[in-house]
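Small disclaimer: the values here were computed from a predicted structure and weren't measured. The sequence lines fix the lettering, A, B, ..., with proteins before strands; numbering per chain opens at 1.
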Amino acid sequence: MKKIEAIIRKSRFSDVKKALHSVEVNFFSYWDVTGVGNEKVGHVYRGVTYSTADIQRRFLSIVVSEPFVEKTINAILESAYTGEVGDGKIFVLPVEEAYRIRTKETGKTSLN
Amino acid sequence: MKKIEAIIRKSRFSDVKKALHSVEVNFFSYWDVTGVGNEKVGHVYRGVTYSTADIQRRFLSIVVSEPFVEKTINAILESAYTGEVGDGKIFVLPVEEAYRIRTKETGKTSLN
Amino acid sequence: MKKIEAIIRKSRFSDVKKALHSVEVNFFSYWDVTGVGNEKVGHVYRGVTYSTADIQRRFLSIVVSEPFVEKTINAILESAYTGEVGDGKIFVLPVEEAYRIRTKETGKTSLN
Amino acid sequence: MELLTINNVWMMICTALVFFMHLGFSFLEIGLTRQKNTINILFKNFFVITAGLIIYCLIGFNLMYPGEWIIDGVLGKIVPGLDAAAAADLSYNEGYTYWTDFLFQGMFAATAATIISGAVAERIKINSFILIAILYVTIVYPIVGSWHWGTGFFYDLGFYDFAGSTLVHSVGGWGALVVIYFLGARKGKFDENGNPLAITGSNIPLSAAGVLILWLGWFGFNGGSVLSADPSLTSLTLVTTCLAAAAGGIGAAVLSRVLYNNLDLTMFMNGVLGGLVGITAGADQMLPTSAIFIGLIAGGIVVLSVALLDKCKLDDPVGAIPVHLFCGIWGTLAVGIFGEMAGFDQFMIQLACVGITGVFCIILGTIITLFVRAVAGLRVDEKEEVQGLDIAEHGTRAYGDFRVN
Amino acid sequence: MELLTINNVWMMICTALVFFMHLGFSFLEIGLTRQKNTINILFKNFFVITAGLIIYCLIGFNLMYPGEWIIDGVLGKIVPGLDAAAAADLSYNEGYTYWTDFLFQGMFAATAATIISGAVAERIKINSFILIAILYVTIVYPIVGSWHWGTGFFYDLGFYDFAGSTLVHSVGGWGALVVIYFLGARKGKFDENGNPLAITGSNIPLSAAGVLILWLGWFGFNGGSVLSADPSLTSLTLVTTCLAAAAGGIGAAVLSRVLYNNLDLTMFMNGVLGGLVGITAGADQMLPTSAIFIGLIAGGIVVLSVALLDKCKLDDPVGAIPVHLFCGIWGTLAVGIFGEMAGFDQFMIQLACVGITGVFCIILGTIITLFVRAVAGLRVDEKEEVQGLDIAEHGTRAYGDFRVN
Amino acid sequence: MELLTINNVWMMICTALVFFMHLGFSFLEIGLTRQKNTINILFKNFFVITAGLIIYCLIGFNLMYPGEWIIDGVLGKIVPGLDAAAAADLSYNEGYTYWTDFLFQGMFAATAATIISGAVAERIKINSFILIAILYVTIVYPIVGSWHWGTGFFYDLGFYDFAGSTLVHSVGGWGALVVIYFLGARKGKFDENGNPLAITGSNIPLSAAGVLILWLGWFGFNGGSVLSADPSLTSLTLVTTCLAAAAGGIGAAVLSRVLYNNLDLTMFMNGVLGGLVGITAGADQMLPTSAIFIGLIAGGIVVLSVALLDKCKLDDPVGAIPVHLFCGIWGTLAVGIFGEMAGFDQFMIQLACVGITGVFCIILGTIITLFVRAVAGLRVDEKEEVQGLDIAEHGTRAYGDFRVN
Ligand SMILES: Nc1ncnc2c1ncn2[C@@H]1O[C@H](COP(=O)(O)OP(=O)(O)O)[C@@H](O)[C@H]1O
Ligand SMILES: Nc1ncnc2c1ncn2[C@@H]1O[C@H](COP(=O)(O)OP(=O)(O)O)[C@@H](O)[C@H]1O
Ligand SMILES: Nc1ncnc2c1ncn2[C@@H]1O[C@H](COP(=O)(O)OP(=O)(O)O)[C@@H](O)[C@H]1O
């Protein structure tokens with residue numbers, strides 16, 4: 001099993017979600033994070049103009065079994081893409097075990 | 001060392017916390033996430049009834065040394081359980097190293 | 001590639017950020033979490049005094065390539081340090097793959 | 001002299017209360033919309049209040065209360081600015097001074113534009129809104145107003161609209177309807193199949209406060225429309241106003257409980273406003289019981305018309321059209337059904353004038369909207385809409401320290 | 001005529017201010033409770049205001065100011081509805097018209113129920129609350145009111161309660177006490193060993209605003225209780241009211257600083273309210289210095305009684321009982337200690353009537369509560385309480401866009 | 001008698017409105033600052049209102065309206081407490097009773113301290129602020145006030161300040177300037193190179209509400225300064241006040257659009273306040289057009305002086321100094337430029353008194369600040385500042401349930 005961490009634009013989230021569903025990945029958790037990276041945005045407040053690299057992004061945590069890894073990644077790569085700096089990243093981490101609390105079942109059947 | 005990620009119902013959090021303390025796991029971090037999965041909840045707003053799979057959940061991140069892994073998982077499996085769809089998941093990931101910033105100590109002694 | 005998870009005091013964040021930049025780590029994501037650990041803080045509300053171990057902290061997630069691991073960790077160890085209980089922790093996890101959504105490039109070049 | 005002083009004090013207080021309604025509208029709107037557009041909505045409201053007042057000072061006031069008519073009873077002659085000489089003369093009116101008159105009416109004027117502002121929230125280009133608001137307040141509102149309050153042809157017809165169910169609320173409501181028709185719905189308000197989705201408000205407590213503030217403001221809106229402090233008229237007006245508001249809320253809450261099996265606070269709130277708009281046309285004509293009836297029905301109208309708009313794929317985030325347009329029409333007609341003026345003839349007159357107002361507002365509203373669309377476009381581009389207008393148009397966030405979805 | 005007009009203007013303004021207090025109560029309550037129950041609390045408040053007014057129109061007003069008595073001086077004859085004929089007669093009273101009279105009193109009536117609403121927040125079934133509120137406002141409040149303001153037997157005894165420390169605030173406070181006794185504390189308010197825990201408010205700024213709005217409302221609550229615009233009486237009343245409020249806040253802030261070594265804003269806020277309730281019984285009887293004393297003591301009472309309730313395992317999230325019940329009693333007794341009426345006999349009369357009111361409210365409150373518990377139950381089930389009443393009973397959240405704990 | 005009653009009713013209403021301004025200030029301040037200091041700011045405001053009123057009752061009132069002078073026209077004799085005997089005499093003034101007089105003035109007094117409270121937010125030690133506020137309200141404000149309103153030497157010079165552009169707003173503004181000079185900027189307001197950084201407000205909607213509430217309050221602040229209900233004077237005053245506010249907002253919005261190419265709501269808001277402060281000195285002297293001019297210029301002054309303060313490394317989180325000091329000066333001078341009193345001599349008198357006030361406030365302000373710094377220190381330590389004053393000084397959070405940055 002792998003854990004796929006995707007950091008995407010909040011504005012792309014609904015499309016990404018659709019894309020994931022279309023590859024039967026209907027199980028994940030997400031939350032908002034602040035990202036620091038190449039992208040910068042400008043702001044103005046009371047006459048002070050400033051630009052910041054701290055941008056609100058959405059962080060998706062998706063644990064999938066091997067067969068799903070690739071299509072999940074591709075789905076995100078497609079749907080989160082705009083081509084402008086700041087589209088975000090995807091990271092893949094190993095997962096050793098998984099449990100479904102409701103049924104106590106373990107392994108990949110517990111994922112969905 | 002392992003990292004235990006648990007996604008649970010917010011309403012079970014206080015019990016889970018008690019259970020963890022009872023097995024001497026007094027060290028963890030948690031935050032709120034939105035979960036997508038099997039569970040659906042219904043809402044009504046200004047006459048529009050809709051159901052959503054996006055449900056607020058609590059995400060626990062607990063890094064423990066091997067001897068603690070099993071009892072930690074069991075403690076969560078027990079205390080987070082309601083039997084209804086949406087009880088959540090537990091994932092186990094490998095951790096290669098840990099540091100306590102205050103003392104610079106590393107390894108499992110740094111965990112608590 | 002490694003994923004460095006750092007849980008630090010919110011009050012140290014700006015210094016940590018500076019320190020990371022000074023070692024060319026300009027790419028990370030962070031969010032706020034509640035931490036449970038040794039530190040306790042006292043509160044008073046409407047005549048009820050209570051102390052809690054649930055403290056707001058900042059969680060940094062930084063994926064770096066091997067050559068960066070050590071200096072990143074050191075930068076955080078230095079800059080997040082106050083010496084008082086509650087300085088926080090750093091954890092290192094393995095990362096198997098990384099993608100930059102904008103360019104589809106993978107591997108360590110995708111990190112920055 | 002004493003009497004003028006008393007009356008004028010009452011009118012000034014009512015003016016202050018009507019002014020305060022703008023906070024009510026602002027709270028209502030930002031609470032029922034998403035946080036990412038909050039600053040944009042507030043900016044629009046601040047603009048409407050400030051610019052509205054100045055414009056009304058420069059043109060509107062004289063256009064609405066014409067000394068002379070260009071087209072008799074239909075279009076007044078424009079005499080810009082205020083008339084300090086007339087102001088000096090205290091015999092101007094025994095109920096208030098010239099200055100009070102202007103300010104009271106000026107506070108009303110902005111209301112019409114504010115009604116539009118709520119309905120078009122979260123997707124309109126701010127410059128386009130500003131243009132529309134200015135044109136509407138400068139032209140449509142004072143002209144329609146002149147027909148009745150400026151003793152124009154509505155007045156001669158025997159039309160009755162005590163405080164503006166039609167002249168203020170419907171006029172604003174019609175404008176809102178026209179603009180959102182051309183503007184289109186917010187992204188995410190309807191799914192592929194055109195079924196309405198819920199875009200929940202970001203700060204219901206502020207909306208609730210807005211409703212109570214509006215209710216308070218109505219003490220002045222209706223109470224001041226007596227145009228004097230006459231004890232029985234003013235106090236009767238406040239009683240009918242409050243009872244209708246209360247009944248409107250109850251009516252909407254009960255109906256939405258029945259229809260949707262849900263205790264819906266936002267419907268309750270809109271119901272209160274519906275009741276207030278409903279009683280506005282005849283607040284001085286009704287007995288308490290009639291006021292309660294009018295309110296109950298207004299509350300029902302709100303709930304049903306919210307659903308109706310969804311059916312028509314019209315997106316009105318704050319319920320401005322159910323409240324101001326539909327309940328405004330209802331209230332105007334109710335003058336022919338309940339109270340001292342009730343009667344078939346009166347009803348027909350009310351109906352006729354409601355119709356004429358509708359046609360006029362739709363036509364001019366359409367012209368204005370299409371004109372603005374031509375010169376400036378109406379809608380922000382999708383990227384800005386998704387990102388939120390606060391960042392896109394104002395470069396900052398409304399709730400800077402808070403974690404938001 | 002002029003005088004009636006002036007007086008009536010003042011009374012209408014005071015009515016508006018008392019109405020506005022409902023926003024104050026709403027803000028106070030939602031700010032001191034958790035966000036997950038915000039809509040539920042607002043719904044309750046909206047219901048109390050709207051239904052309260054209609055009920056008072058249908059029954060309460062006549063029950064409180066009886067033309068005839070069933071039991072002389074104790075229970076008035078019920079004559080439903082308002083009396084338009086009486087309203088027409090301007091000689092009804094030189095201080096106000098019949099309509100103003102009704103509306104002013106009607107705004108008071110809802111207050112008693114609102115006091116209960118605060119204390120039972122976050123755990124009561126909404127239908128049960130609605131039932132309790134209706135019964136309490138329809139029966140208990142007007143009957144007690146009739147004893148004094150309806151010139152019943154309190155009046156004959158020589159009891160003095162200027163604006164309702166006992167008749168409004170204590171009556172509400174007693175009701176609150178009874179209901180929370182049967183209702184029990186919120187989950188998490190006391191630990192296993194019964195030690196109080198802190199359930200911190202979710203939006204202190206709104207609570208603070210609520211307190212200032214209530215203070216403003218008290219200008220009308222006390223100022224209007226003069227029942228005319230008499231210059232010296234009204235202005236003296238406002239002075240004593242404001243000084244007592246100020247002193248109450250200072251008193252509470254200082255005492256909680258001393259006791260808990262903490263600058264506690266919520267105590268400061270409750271102290272202000274305590275001072276206001278405390279001065280209410282004798283606002284027209286006191287000199288500034290006495291008003292300051294009364295306020296200081298009221299502030300102290302608030303701080304101590306908040307702790308007392310914790311000791312008694314009674315859970316009053318917003319401090320309604322310390323403020324309205326305890327300070328209400330204090331204020332009523334203070335009329336016998338300070339000011340023009342001070343004296344042992346007066347003190348005993350005040351004491352007696354406070355006692356009678358308490359016994360009556362406890363008995364009827366208990367009957368009503370047990371009745372409602374029998375027919376509908378009092379408390380939401382634990383799952384709903386943990387989840388929050390907004391989702392459980394209203395299907396939506398108060399702060400939709402915000403990340404919450 | 002009737003006339004006194006009317007006048008007094010108006011004055012009491014204005015008093016209530018001025019009181020309500022304190023909610024406006026509170027909202028404005030907590031909205032433009034960070035959530036971690038919210039409770040601290042509210043605590044300060046509550047303290048200023050409550051203590052301010054009590055102090056003014058004990059000392060200030062008599063110091064400001066001296067029966068006798070110690071230094072003729074400069075320093076009045078202190079006679080503590082209020083004078084119930086004088087209060088009894090209704091011939092005290094035909095515009096209001098003694099009690100009304102005290103309360104109206106008392107509400108003004110606290111304002112000066114509140115202005116300081118905004119500028120020093122987020123970094124001052126609360127005890128030190130309390131000390132400064134008490135001393136400033138007890139000494140500086142009433143003494144300067146006595147020079148003009150107490151018929152002191154400003155009055156003899158022919159100085160004109162209708163409602164306090166100088167006597168209230170500038171006095172507060174000067175105090176604010178002095179204190180922040182010694183206090184220093186908030187951590188993070190300026191970078192290493194001294195360039196200003198943006199510390200964005202945490203709750204702009206509350207700030208916007210604050211501005212509208214302050215505008216409402218100004219109906220009483222200026223309207224009440226007529227000191228009677230004179231129909232033409234009061235209503236003219238309200239018209240000029242509202243037009244100046246509107247113009248101020250427009251002026252600031254347009255200028256910041258031009259300078260920064262941004263539709264800046266907070267500038268719009270400050271502009272409205274600037275317009276209000278600007279018209280305050282001559283609200284009863286101006287024609288509508290002059291009022292609009294004065295407002296427009298005030299709006300421009302706000303935008304420019306916000307930038308100026310940044311240049312000077314002075315940190316004024318809420319824009320108190322641009323609004324109250326600079327626009328206060330502008331408004332005072334404007335009396336010599338526009339309106340009935342316009343003229344070179346008048347202008348020089350206005351200028352002179354502005355200067356004298358400035359010198360006096362700076363000197364006493366410095367003495368007070370340095371004294372307080374010596375005995376208690378001014379600034380919280382860095383750790384507390386970073387953590388936020390709510391936790392550090394009050395042990396709790398303002399928005400307990402919310403996730404914050
Ligand atoms: N090494 C990293 N570790 C964690 N998060 C990262 C890392 N690099 C980028 N991110 C996240 O991805 C977001 C987008 O990256 P950015 O460099 O701005 O654009 P791009 O990926 O197009 O170069 C950043 O805001 C940050 O949240
Ligand atoms: N594969 C996954 N990766 C990450 N989070 C998951 C995954 N599967 C489930 N979750 C989280 O667990 C929560 C509960 O899962 P759900 O399917 O709703 O109920 P159950 O686990 O009882 O089948 C989801 O809301 C989601 O937050
Ligand atoms: N084993 C752990 N897993 C996850 N987070 C931890 C763990 N131990 C500590 N933390 C985080 O680190 C923070 C600081 O730890 P704490 O024990 O309070 O201080 P110290 O690290 O100085 O002993 C905690 O609040 C918690 O957020």
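In terms of heavy-atom pairs under 4.5 Å with chain F, the best-connected choice from E:Leu265, E:Thr266, E:Val404 is E:Leu265. The greatest number of non-hydrogen atom pairs below 4.5 Å with chain E, out of F:Thr396, F:Thr15, F:Ile6, is found for F:Ile6. Of the listed residues (E:Arg403, E:Glu2, E:Arg34), the greatest number of heavy-atom pairs within a distance under 4.5 Å of chain F belongs to E:Arg403. Among E:Thr200, E:Val9, E:Asn262, E:Leu287, the residue with the largest count of heavy-atom pairs under 4.5 Å with chain F is E:Asn262. Between chain F and the options E:Leu17, E:Leu212, E:Leu263, E:Val272, heavy-atom pairs under 4.5 Å are most frequent for E:Leu263. Ranking E:Ala209, E:Ser235, E:Gly223, E:Ser232 against chain F, the residue ahead of the rest is E:Ser235, based on heavy-atom pairs under 4.5 Å. Your options are E:Pro288, E:Gly248, E:Gly201, and the one with the most heavy-atom pairs under 4.5 Å with chain F is E:Pro288. Contact count versus chain E (heavy atoms, under 4.5 Å) is highest, among F:Leu90, F:Asn8, F:Ile126, for F:Asn8.
At a 4.5 Å heavy-atom cutoff, E:Ala198 makes no contact with chain F through either its backbone or its side chain. When heavy atoms are compared at a cutoff of 4.5 Å, F:Leu206 approaches chain E solely by way of its side chain, counted from C-beta outward. Interface residue F:Phe402: backbone and side-chain heavy atoms are both found under 4.5 Å from chain E. Only the side chain of E:Tyr399 comes within contact range of chain F, judged by heavy atoms closer than 4.5 Å. Only the side chain of F:Phe19 comes within contact range of chain E, judged by heavy atoms closer than 4.5 Å. Of the atoms belonging to F:Leu53, heavy atoms from both backbone and side chain fall under 4.5 Å from chain E. If you measure heavy-atom distances from F:Met107 to chain E, the contacts under 4.5 Å come from the side chain alone. Heavy-atom distances place both the backbone and the side chain of F:Phe47 under 4.5 Å from chain E. F:Leu23 touches chain E through backbone and side chain together, each having a heavy atom under 4.5 Å away.
Between F:Thr50 and E:Trp215 there is a side-chain heavy-atom pair separated by less than 4.5 Å. The side-chain heavy atoms of E:Trp10 and F:Ile13, taken from C-beta on, include a pair separated by under 4.5 Å. Considering only heavy atoms from C-beta on, E:Met269 comes within 4.5 Å of F:Phe46 through its side chain. In this structure, E:Pro205 and F:Asn203 have side chains that are not in contact, with every pair of non-hydrogen atoms separated by 4.5 Å or more. The shortest distance between side-chain heavy atoms of E:Asp264 and F:Phe43 does not fall below 4.5 Å.
Across E:Ala229 and F:Thr5, no two heavy atoms sit closer than the pair O-CG2, 3.5 Å.
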